[in-house]
Amino acid sequence: MKHLITALYADENGEIFDAPGIAGVGRIGRDIIKLQSTDLIKLPESADLMFLPNRQAVGLNKSGKLQAIKGQAVSAILPAGYTRTHLPAFEFKSNFQPLPLYGYTAVVLYRDELYTTAIYTDENHKWDPIHYNTRDLKKLVNRTKKELPNNRIVEQVANCSLKWHCCTAQNLFYRRWEAGIPTSPTCNAQCLGCISLQSAECCPSPQSRINFKPAVEEIADVGVYHLTTAPEAIISFGQGCEGEPCLAADNIAAAIKLIRSKTNRGQINMNSNAGFTEGVKKIVDAGLDSIRVSIISARDESYNAYYKANYHLENVKESIKYALNKNVYVSLNMLYFPGFNDRNEELDSWIKFFEELPVQMIQVRNLNIDPDIFLDKMPKPLSNFIGTKKFLQTLKAEFDNLQIGSFSHYINLKEK
């Protein structure tokens, strides 16, 4: 018996229903695609469902023609570790507003269960939602506040933990794994998908950016605290609640030196756009172990359209080259959008990029943004897309030593 892939919709109360006889579809870029069973995986338990206001659900009727469904489009929001392959398809209704910053993914009914369009790119139990937002979190936050009194960084990540439910912030209080240390209230880019500062006409940001510049001692105190108490400890500069850490290079570099004068444990990481090369150099020379560079494209035109920065892609490449030459572990935080990254011209540029700069890892991360705002702002395609699976398979086939995942991993510094 052939199992049908059936479209979903939500009513005015947000309840979700299937649309019998209407085949489920998804989008890659602006193209609406009939979904096949090979596109689908079971909806992960920790995924969320969200209806899309003033966006009408659509599917294919028995004649194979696109048909509007009397209801709102539905999307899956995937947990970390899953890379989406298709966006939800819909038609705009009147008075639609920009969508909040989430990674919208197609979702359908198949075999009497909910399925979504994604691939599992990284298995890492540390980021399973079961480990976060536990009942004792507030008590643990208060414990750390007592142990590190009057530290503004602790106050900031406490708010991020309890209000915004940031996992990296919470790890400081759970005393484990990767913990964020926000340091910079300013940035040298104006990313379309920035999660801490957005122009009013775009969409609300899901986090609040820090409004102070921490002192060297505040940074070092938190760093030493975490590195000496946590298993597989990582401290990371460059969090969602801040700007670009390299603009605070003097304080970060001084703090790293102070931290390393007190402990050699753990890993010191920075998440950066790497556009301010002089700042990257200072931080690398101070003893940085790893850097994760946020990047969406290896093409100048696409890069500039997204970041709207006061630096250029060549500056990013110079920073990466310097870090690699200094034996720093380099990964890319590749912001991924189906129908954009997997265009032929983008793939060709990535192949040239990795031939020049043999970074150790790509962390593929779903770009959280309204799909149509993104496509309106980015360069028009020069070629067809090849699909997410083929895009990643091609990179892996071209570069055997390139690890493809979704998370920052604890690295063995002796083997770095």
Side-chain angles (χ1 to χ4, degrees), residues 153 168 178-189 210 212-228 230 232-239 242-295 307 309-333 353-354 356-363 408-416:
I153 295 173
T168 312
E178 182 180 4
I181 301 182
T183 56
S184 177
T186 58
C187 196
N188 52 355
I210 63 171
F212 63 94
K213 189 173 181 178
V216 172
E217 293 74 15
E218 287 180 294
I219 300 170
D221 286 347
V222 176
V224 171
Y225 177 88
H226 190 69
L227 293 177
T228 56
E232 296 190 358
I234 305 172
I235 56 170
S236 283
F237 306 108
Q239 300 305 301
E242 65 176 311
E244 169 52 43
C246 286
L247 300 185
D250 289 339
N251 279 10
I252 291 176
I256 290 175
K257 292 176 181 177
L258 184 55
I259 290 167
R260 285 307 186 208
S261 73
K262 297 181 179 181
T263 180
N264 289 320
R265 292 191 74 240
Q267 176 182 337
I268 300 178
N269 176 67
M270 178 171 65
N271 306 314
S272 169
N273 59 41
F276 180 42
T277 302
E278 290 308 309
V280 172
K281 290 180 177 179
K282 284 182 182 179
I283 295 169
V284 165
D285 291 344
L288 189 71
D289 298 309
S290 60
I291 183 171
R292 185 180 72 175
V293 178
S294 171
I295 192 166
Y307 286 94
N310 63 10
Y311 60 87
H312 302 287
L313 185 56
E314 284 304 313
N315 302 121
V316 178
K317 292 180 179 179
E318 183 183 356
S319 297
I320 292 174
K321 184 176 181 180
Y322 188 86
L324 289 170
N325 288 340
K326 292 291 184 175
N327 202 32
V328 172
Y329 185 95
V330 180
S331 61
L332 301 185
N333 187 45
F353 182 97
F354 293 127
E356 178 186 354
L357 298 167
V359 305
Q360 287 92 336
M361 183 181 186
I362 303 173
Q363 296 179 37
S408 292
H409 291 251
Y410 185 78
I411 60 175
N412 186 333
L413 298 179
K414 294 180 180 180
E415 299 177 358
K416 187 178 66 171

Distance in Å, [X] [atom1] paired with [Y] [atom2], rounded so as to fall on 0.5 Å steps:
X	Y	atom1	atom2	value
Ile283	Phe276	CD1	CZ	9.0 Å
Ile259	Thr228	CD1	OG1	10.5 Å
Glu217	Asp221	CD	CG	7.5 Å
Ile235	Arg265	CD1	CZ	12.0 Å
Ile291	Ile268	CD1	CD1	13.5 Å

Next item on the list: Under the side-chain contact (heavy atoms from CB on, under 4.5 Å) rule, what do Met270 and Ser236 come out as? Steps first, then yes or no, please.
Entry: CA-CA 5 Å; Met270 178 171 65; Ser236 283; over 6 Å; no
Contact summary for [X] and [Y], nearest pair of heavy atoms:
X	Y	answer
Asp289	Ile411	O-CD1, 4.2 Å
Ser290	Val328	CA-CG1, 3.6 Å
Lys213	Ala248	CE-CB, 4.1 Å
Pro214	Pro182	CG-O, 3.6 Å
Phe237	Ile181	CD2-O, 3.5 Å
Ser184	Ile210	N-CD1, 3.6 Å

Note to self: For Asn269 and Tyr410: C-alpha separation, side-chain torsions, deciding distance, then whether side chain to side chain donor-acceptor pair (under 3.5 Å) applies.
What the structure shows: CA-CA 10 Å; Asn269 176 67; Tyr410 185 78; over 6 Å; no
Item checked: Test side-chain contact (heavy atoms from CB on, under 4.5 Å) applied to His409 and Met361, step by step -> CA-CA 10 Å; His409 291 251; Met361 183 181 186; 3.4 Å; yes
Next item on the list: Sorted by first residue and then second, give each side-chain hydrogen bond (donor to acceptor under 3.5 Å, both in side chains) pair with at least one member in residues 244-259; sequence neighbours left out.
Entry: Glu244-Ser272, Glu244-Asn273, Asp250-Lys282
Is the closest side-chain donor-acceptor distance between [X] and [Y] under 3.5 Å?
X	Y	answer
Gln363	Ser331	yes
Ser319	Thr277	yes
Asn188	Tyr307	no

Margin query: side-chain contact (heavy atoms from CB on, under 4.5 Å) for Thr183 and Ile219? Distances and angles first, verdict last.
Written below: CA-CA 8 Å; Thr183 56; Ile219 300 170; 3.9 Å; yes
Check: Got a sec, which residues hit salt bridge (charged side-chain N to carboxylate O under 4.0 Å, His left out) with Glu232, two or more places apart in sequence or on another chain?
Finding: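 Listed in chain order: Lys126.
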Notebook entry, point to check: If only atom types and distance count, is the side chain of Glu356 paired as donor or acceptor with the main-chain N or O of Phe353 below 3.5 Å?
Noted result: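 Judged by distance alone, no pair lies under 3.5 Å.
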Checklist line | Flag, side chain of Gln360 to backbone of Val330, donor-acceptor distance under 3.5 Å | finding: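 Between the backbone of Val330 and the side chain of Gln360 there is a qualifying donor-acceptor contact (under 3.5 Å).
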Side-chain atoms of residues 310-318: list all donor-acceptor pairs with protein atoms under 3.5 Å, sequence neighbours left out, distances to 0.1 Å.
unit_1: Tyr311; atom_1: OH; unit_2: Tyr303; atom_2: OH; d: 3.0
unit_1: Asn315; atom_1: OD1; unit_2: His312; atom_2: N; d: 2.7

Next item on the list: Start with the C-alpha gap between Leu227 and Arg260, add the side-chain angles, then the distance that decides, and say whether side-chain contact (heavy atoms from CB on, under 4.5 Å) holds.
Entry: CA-CA 10 Å; Leu227 293 177; Arg260 285 307 186 208; 4.0 Å; yes
Would you say the side chain of [Y] lies within less than 4.5 Å of the side chain of [X], judging by non-hydrogen atoms?
X	Y	answer
Ser294	Asn271	no
Val293	Ile320	yes
Val359	Tyr329	no

Next item on the list: Output, in order, the C-alpha distance, side-chain angles, deciding distance and verdict of side chain to side chain donor-acceptor pair (under 3.5 Å) for Glu178 and Thr168.
Entry: CA-CA 6 Å; Glu178 182 180 4; Thr168 312; 5.2 Å; no
